[in-house]
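Written out below as C-alpha coordinates is the structure these notes cover.
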Amino acid sequence: MGRIVSQVFRGRDAATVTAMYHAACDMLAGCCPRAAAVLEEAEPDALAYLDFPPTHWKRLRTNNVQERTNREIKRRSRVVQVFPSTGSLVRLAGAVMCEQDEIWQESRYFSEARMNELYDDGRTRGIDGPVEWARLEAEARKMLESGLELADRVEAA
(Lines give C-alpha, C1' and ligand atoms only; values in the text may rest on other atoms or scores of the structure.)
Protein backbone atom coordinates (compact mmCIF):
# COMPACT_ATOMS: atom_id res chain seq x y z
CA MET A 1 0.00 0.00 0.00
CA GLY A 2 2.77 2.43 0.92
CA ARG A 3 4.52 1.85 -2.38
CA ILE A 4 1.42 2.84 -4.31
CA VAL A 5 0.59 5.96 -2.32
CA SER A 6 4.16 7.27 -2.06
CA GLN A 7 4.44 7.48 -5.84
CA VAL A 8 1.39 9.73 -6.03
CA PHE A 9 3.11 12.63 -4.33
CA ARG A 10 6.04 12.65 -6.74
CA GLY A 11 3.91 14.04 -9.57
CA ARG A 12 5.10 17.23 -11.25
CA ASP A 13 1.77 18.97 -11.80
CA ALA A 14 -1.60 19.14 -10.06
CA ALA A 15 -3.52 17.23 -12.74
CA THR A 16 -1.05 14.33 -12.74
CA VAL A 17 -1.01 14.10 -8.95
CA THR A 18 -4.82 14.14 -8.84
CA ALA A 19 -5.06 11.45 -11.52
CA MET A 20 -2.45 9.31 -9.77
CA TYR A 21 -4.32 9.71 -6.47
CA HIS A 22 -7.55 8.44 -8.06
CA ALA A 23 -5.70 5.58 -9.77
CA ALA A 24 -4.07 4.62 -6.45
CA CYS A 25 -7.49 4.59 -4.75
CA ASP A 26 -8.83 2.33 -7.51
CA MET A 27 -5.84 -0.02 -7.23
CA LEU A 28 -6.19 -0.23 -3.45
CA ALA A 29 -9.94 -0.87 -3.64
CA GLY A 30 -9.18 -4.39 -4.89
CA CYS A 31 -6.84 -5.44 -2.09
CA CYS A 32 -7.54 -3.01 0.77
CA PRO A 33 -11.05 -1.57 0.45
CA ARG A 34 -10.98 0.12 3.87
CA ALA A 35 -7.68 1.84 3.08
CA ALA A 36 -9.08 2.96 -0.28
CA ALA A 37 -12.13 4.41 1.46
CA VAL A 38 -9.94 6.31 3.91
CA LEU A 39 -7.86 7.69 1.03
CA GLU A 40 -10.93 8.77 -0.92
CA GLU A 41 -12.31 10.55 2.13
CA ALA A 42 -8.95 12.23 2.82
CA GLU A 43 -8.44 13.51 -0.74
CA PRO A 44 -9.16 17.21 -0.02
CA ASP A 45 -6.70 17.20 2.88
CA ALA A 46 -4.04 15.04 1.24
CA LEU A 47 -3.99 17.15 -1.93
CA ALA A 48 -4.41 20.56 -0.27
CA TYR A 49 -0.77 21.40 -0.99
CA LEU A 50 -1.62 21.52 -4.72
CA ASP A 51 -3.39 24.86 -4.17
CA PHE A 52 -0.01 26.47 -3.51
CA PRO A 53 2.75 27.29 -6.02
CA PRO A 54 4.71 24.21 -7.16
CA THR A 55 7.89 25.60 -5.59
CA HIS A 56 6.18 25.24 -2.17
CA TRP A 57 4.99 21.66 -2.66
CA LYS A 58 8.03 19.81 -1.37
CA ARG A 59 7.97 21.56 1.97
CA LEU A 60 4.20 21.49 2.37
CA ARG A 61 3.58 17.84 1.56
CA THR A 62 6.08 16.53 4.13
CA ASN A 63 6.03 16.66 7.89
CA ASN A 64 9.81 16.80 8.35
CA VAL A 65 9.59 19.71 10.81
CA GLN A 66 7.17 17.81 13.02
CA GLU A 67 9.28 14.65 12.84
CA ARG A 68 12.42 16.59 13.82
CA THR A 69 10.60 18.07 16.81
CA ASN A 70 9.31 14.65 17.87
CA ARG A 71 12.84 13.20 17.64
CA GLU A 72 14.15 16.01 19.86
CA ILE A 73 11.42 15.38 22.46
CA LYS A 74 12.23 11.66 22.36
CA ARG A 75 15.97 12.32 22.72
CA ARG A 76 15.44 14.53 25.75
CA SER A 77 12.92 12.23 27.39
CA ARG A 78 15.38 9.30 27.13
CA VAL A 79 17.83 11.28 29.25
CA VAL A 80 15.24 11.67 32.01
CA GLN A 81 13.98 8.07 31.61
CA VAL A 82 11.26 8.25 34.31
CA PHE A 83 9.03 11.27 34.74
CA PRO A 84 7.63 11.93 38.22
CA SER A 85 4.35 13.21 36.78
CA THR A 86 2.52 13.91 33.55
CA GLY A 87 3.09 17.61 34.17
CA SER A 88 6.87 17.18 34.03
CA LEU A 89 6.59 15.49 30.63
CA VAL A 90 4.34 18.30 29.41
CA ARG A 91 6.88 20.89 30.63
CA LEU A 92 9.70 19.12 28.78
CA ALA A 93 7.68 18.95 25.55
CA GLY A 94 6.67 22.59 26.04
CA ALA A 95 10.31 23.62 26.46
CA VAL A 96 11.25 21.86 23.22
CA MET A 97 8.36 23.56 21.43
CA CYS A 98 9.43 26.97 22.80
CA GLU A 99 12.95 26.38 21.50
CA GLN A 100 11.57 25.41 18.09
CA ASP A 101 9.48 28.59 18.09
CA GLU A 102 12.57 30.67 18.81
CA ILE A 103 14.44 28.96 15.97
CA TRP A 104 11.55 29.68 13.62
CA GLN A 105 11.46 33.32 14.75
CA GLU A 106 15.08 33.71 13.64
CA SER A 107 14.85 31.92 10.31
CA ARG A 108 12.51 31.53 7.38
CA TYR A 109 11.12 28.29 6.07
CA PHE A 110 10.23 30.08 2.84
CA SER A 111 12.19 33.00 1.45
CA GLU A 112 10.46 36.32 0.90
CA ALA A 113 10.54 35.74 -2.86
CA ARG A 114 8.83 32.35 -2.44
CA MET A 115 6.16 33.88 -0.20
CA ASN A 116 5.50 36.57 -2.81
CA GLU A 117 4.57 33.78 -5.25
CA LEU A 118 1.39 33.33 -3.22
CA TYR A 119 0.27 36.82 -4.20
CA ASP A 120 1.33 36.75 -7.84
CA ASP A 121 -1.69 37.82 -9.91
CA GLY A 122 -0.42 35.98 -12.99
CA ARG A 123 -0.42 32.63 -11.22
CA THR A 124 -3.50 30.49 -11.01
CA ARG A 125 -3.97 27.82 -8.40
CA GLY A 126 -4.79 24.21 -8.95
CA ILE A 127 -5.33 22.67 -12.35
CA ASP A 128 -5.00 25.04 -15.29
CA GLY A 129 -7.12 24.61 -18.41
CA PRO A 130 -9.01 21.59 -19.71
CA VAL A 131 -7.67 18.15 -18.86
CA GLU A 132 -8.33 14.86 -20.62
CA TRP A 133 -9.00 12.92 -17.43
CA ALA A 134 -9.49 9.51 -19.05
CA ARG A 135 -6.11 9.68 -20.80
CA LEU A 136 -4.39 11.15 -17.78
CA GLU A 137 -5.79 8.52 -15.40
CA ALA A 138 -4.71 5.72 -17.77
CA GLU A 139 -1.19 7.19 -17.84
CA ALA A 140 -1.23 7.58 -14.06
CA ARG A 141 -2.18 3.93 -13.62
CA LYS A 142 0.70 2.90 -15.93
CA MET A 143 3.11 5.06 -13.92
CA LEU A 144 1.98 3.49 -10.64
CA GLU A 145 2.20 -0.05 -12.02
CA SER A 146 5.66 0.50 -13.52
CA GLY A 147 6.83 1.99 -10.22
CA LEU A 148 5.59 -1.09 -8.38
CA GLU A 149 7.31 -3.42 -10.88
CA LEU A 150 10.58 -1.52 -10.46
CA ALA A 151 10.32 -1.66 -6.67
CA ASP A 152 9.68 -5.42 -6.83
CA ARG A 153 12.72 -5.95 -9.09
CA VAL A 154 14.97 -3.90 -6.80
CA GLU A 155 13.68 -5.78 -3.75
CA ALA A 156 14.22 -9.17 -5.44
CA ALA A 157 17.83 -8.35 -6.39
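These numbers were taken from a predicted model, which means no experiment stands behind them.
- Grouping Ile, Leu, Val, Met, Phe, Trp and Tyr by side-chain contacts under 4.5 Å, direct or through others, leaves Val79 on its own.
- Taking a 4.5 Å side-chain heavy-atom cut-off between Ile, Leu, Val, Met, Phe, Trp and Tyr, the cluster of Val90 contains only that residue.
- Residues Ile73 make up the rest of the hydrophobic cluster containing Val96, defined by ILVMFWY side-chain heavy atoms closer than 4.5 Å, directly or through other members.
- Residues Phe9 and Tyr49 share a closest heavy-atom pair of CD2-OH, 3.4 Å.
- Residues passing the salt bridge (Lys or Arg N to Asp or Glu O under 4.0 Å) test with Asp152 are Arg3, sequence neighbours excluded.
- Applying the side chain to side chain contact (heavy atoms under 4.5 Å, CB included) criterion to Arg12, with sequence neighbours excluded, gives no partner residue.
- Contact check on Arg141 versus Glu145 returns a salt bridge, with a Lys/Arg side-chain nitrogen under 4.0 Å from an Asp/Glu carboxylate oxygen.
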Give the intermediate values and the outcome of side chain to side chain contact (heavy atoms under 4.5 Å, CB included) for residues Arg10 and Ser6.
-> CA-CA 7 Å; Arg10 294 187 190 123; Ser6 66; 3.9 Å; yes
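- The CE atom of Met143 sits 9.5 Å away from the CD atom of Gln7 when rounded to the nearest 0.5 Å.
- Between Glu72 and the choices Lys74, Arg68, Arg75, the salt bridge (Lys or Arg N to Asp or Glu O under 4.0 Å) rule is met once, by Arg75.
- Every side chain to side chain contact (heavy atoms under 4.5 Å, CB included) that Leu136 has, sequence neighbours left out, goes to Ala15, Thr16, Ala19, Val131, Trp133, Glu139.
- With rounding to the nearest 0.5 Å, the separation of CD in Glu41 from SG in Cys25 is 11.5 Å.
- Side-chain contact check for Leu28 versus Val5: some heavy-atom pair is nearer than 4.5 Å.
- For the residue pair Ala24 and Val8, the shortest heavy atom distance occurs at CB-CG2, 3.8 Å.
- The shortest non-hydrogen separation linking Ala23 to Leu144 is CB-CD1, 3.8 Å.
- In plain terms, the two heavy atoms of Leu47 and Val17 that are nearest each other are CD2-CG1, 3.7 Å.
- Sorted by first then second residue, the salt bridge (charged side-chain N to carboxylate O under 4.0 Å, His left out) pairs that include residues 89-102, not counting sequence neighbours, are Arg76-Glu99.
- Applying the side chain to side chain donor-acceptor pair (under 3.5 Å) definition to pairs two or more places apart or across chains, those involving residues 21-34 are His22-Glu43.
- Residue pairs meeting the ring-ring contact (aromatic ring centres under 6.0 Å, His included) criterion with at least one member in residues 82-104, sequence neighbours excluded, are Trp104-Tyr109.
- No continuous path of ILVMFWY side-chain contacts below 4.5 Å connects Val38 to Met20, so the two sit in separate hydrophobic clusters.
- The side chain to side chain donor-acceptor pair (under 3.5 Å) search around Arg78 returns none, not counting sequence neighbours.
- The salt bridge (Lys or Arg N to Asp or Glu O under 4.0 Å) search around Glu132 returns Arg135, not counting sequence neighbours.
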